[in-house]
Amino acid sequence: MTRPTTLQSSIGQVTLDSYVMNASGPRCSSAEELHLIGRSNAAAIVTKSCTILPREGNAEPRYRDLELGAIQSMGLPNLGYNAYLDLVPELLEHNKPVVVSISGLSLADNETMVKAFDGSDASLLEVNFSCPNIAGKPQTAYDFEQVENSLTRLCSLTDKPLGIKLAPYFDMSHFDSMAEILNRFPIAFISTINSIGNTLIIDPQTERAVIKPKGGFGGLCGQYVKPIGLANVHAFRQRLRDDIDIVGVGGIYNGTDAFEYALAGASAVQVATSFQQQGEGCFQRINDELAALLEAKGYASIKEVIGQLKAF
Ligand code: SIN
């Protein structure tokens with residue numbers, strides 16, 4: 001599929017033919033869903049975060065569309081890592097990078113999976129430190145010591161470009177502390193943000209939360225979270241080593257959203273809620289809108305925009 005060269009970018013020195021890929025979120029668990037992404041205009045194929053064993057995920061109802069996005073508590077429904085190991089070769093036949101997302105329920109699980117995928121042809125590994133939807137398992141991204149311990153182990157296990165998916169941070173001191181840790185490790189990228197965990201949406205008619213797992217607490221997604229995603233990308237771009245790329249995630253529905261993420265410092269973006277709501281056509285549409293916007297503004301390439309947010 002021909003893509004506008006203006007949108008070529010890279011993550012961890014892996015070339016991307018366009019700027020927009022799926023997030024490790026909806027519609028990327030099964031082989032069929034992953035091949036659909038492969039055939040679409042997405043820049044890469046990102047798998048659902050895998051665990052050692054297959055998981056059905058949390059009890060239904062676990063997803064609800066909202067006026068400006070969605071709330072979900074999926075609970076990592078996935079095929080188990082061995083299935084994704086088997087799928088990597090056929091997914092690579094789509095001629096785009098394959099990003100394997102890993103979300104072990106313990107450090108030992110993550111070690112097992114990073115080692116296993118190190119021996120595969122996966123293009124990039126994204127370790128998910130931020131799923132808010134597993135009852136009893138705190139988000140690693142909020143435990144700075146655990147992030148440091150985990151990276152010490154995981155970085156020693158692979159030469160592949162390894163990145164981590166972070167939770168949203170809200171205090172400048174947390175950006176400072178996390179960036180200081182990340183800059184000490186040979187990671188290739190971060191993906192930021194995951195959904196805003198443990199939010200609550202109440203239906204006044206039923207007088208219940210709109211989702212069931214974890215007593216109704218779930219991850220808020222979509223347009224609600226875009227300002228937080230932009231802030232996290234920008235704050236980390238100002239603090240991380242230049243060779244750590246940033247993948248922006250959170251509320252990207254159109255080319256303008258993607259452009260704003262580029263200004264904030266994202267080398268590529270991932271879409272979740274718009275993909276869930278609109279299907280795989282969203283990749284072509286957002287890429288096309290972004291290319292048109294770049295052209296209208298006189299930019300020859302997305303690379304001219306990345307990290308160029310103007311100061312007052
Ligand atoms: C989920 O499956 O619960 C969402 C994925 C994530 O938050 O990382």
Side-chain angles (χ1 to χ4, degrees), residues 21-30 33-34 37 45-66 69-81 83-84 99-106 109-110 113-114 124-143 146-147 150 162-169 189-201 209-222 224-225 228-229 232 247-252 269-277:
M21 68 185 84
N22 70 297
S24 177
R27 299 178 184 260
C28 57
S29 294
S30 70
E33 288 170 329
L34 291 164
I37 296 166
I45 304 170
V46 185
T47 72
K48 181 70 183 169
S49 294
C50 60
T51 47
I52 296 282
L53 298 174
R55 286 175 61 87
E56 295 284 335
N58 291 338
E60 308 265 1
R62 60 190 187 184
Y63 177 92
R64 173 71 72 93
D65 282 320
L66 304 171
I71 186 170
Q72 53 78 25
S73 180
M74 302 305 289
L76 301 175
N78 78 94
L79 304 174
Y81 81 108
Y84 299 104
V99 185
V100 174
S101 174
I102 291 167
S103 193
L105 303 181
S106 66
D109 287 2
N110 278 335
M113 291 189 278
V114 166
L124 296 134
L125 304 183
E126 181 185 89
V127 184
N128 184 355
F129 280 174
S130 50
C131 178
N133 300 331
I134 306 297
K137 185 181 182 305
Q139 289 159 272
T140 304
Y142 288 131
D143 180 339
Q146 212 188 330
V147 168
S150 299
L162 179 95
I164 60 173
K165 187 160 180 183
L166 293 174
Y169 299 101
F189 68 100
I190 61 164
S191 303
T192 183
I193 57 174
N194 207 320
S195 61
I196 300 183
N198 303 313
T199 59
L200 184 66
I201 302 286
V210 298
I211 57 168
K212 179 174 177 183
K214 283 184 68 180
F217 291 94
L220 188 68
C221 315
Y224 300 105
V225 312
I228 299 150
N232 275 255
V247 182
V249 202
I252 296 155
V269 293
Q270 296 180 344
V271 295
T273 312
S274 53
F275 178 34
Q276 166 67 31
Q277 294 174 340

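Numbering of ligands and ligand atoms starts at 1, following listing order. It should be emphasised that the depicted structure is a prediction, and the values quoted were computed from it without experimental measurement. The chain is numbered in sequence order, starting from 1.
- Interatomic distance, Tyr224 OH to Thr199 OG1, rounded to the nearest 0.5 Å: 10.0 Å.
- Near Asn133, meaning under 4.0 Å from one of its heavy atoms, ligand 1 places the atoms 1 (C), 3 (O), 4 (C).
- Although no hydrogens or angles enter the test, the distance criterion places a donor-acceptor pair under 3.5 Å between the side chain of Tyr84 and the main chain of Ser29.
- Looking only at protein heavy atoms, the nearest one to atom 8 (O) of ligand 1 is Asn128 ND2, 2.7 Å.
- Looking at Gly75 next to ligand 1, an N or O pair under 3.5 Å apart turns up.
- Aromatic rings from Tyr169 and Tyr142 are positioned such that their centres are separated by under 6.0 Å.
- Listed by number with element, the atoms of ligand 1 under 4.0 angstrom from any heavy atom of Met74 are 1 (C), 2 (O), 3 (O).
- Using a non-hydrogen distance threshold of 4.0 Å, Gly219 does not register as a contact of ligand 1.
- On a distance-only criterion, Ser49 and ligand 1 share no N/O pair closer than 3.5 Å.
- No side-chain heavy atom of Ile71 sits under 4.5 Å from any side-chain heavy atom of Tyr63.
- Annotation: Pro132 places no N or O atom under 3.5 Å from an N or O atom of ligand 1; distance criterion only.
- A donor and an acceptor atom, one from each side chain of Lys212 and Asn58, are nowhere located under 3.5 Å apart.
- Below 4.0 Å from some heavy atom of Lys48 lie the following atoms of ligand 1, by number and element: 1 (C), 2 (O), 4 (C), 5 (C).
- Close approach to Asn194 involves these atoms of ligand 1, each under 4.0 Å from a residue heavy atom: 6 (C), 7 (O), 8 (O).
- If you run side-chain contact (heavy atoms from CB on, under 4.5 Å) between Asn194 and each of Leu166, Asn133, Val249, Asn128, only Asn128 comes through.
- Near Cys131, the atoms of ligand 1 lying under 4.0 angstrom from a non-hydrogen atom of the residue are 1 (C), 3 (O), 6 (C), 7 (O), 8 (O).
- Each of Val247, Asn232, Ile164 was checked for a side-chain contact (heavy atoms from CB on, under 4.5 Å) with Thr192, and the lone residue meeting it is Asn232.
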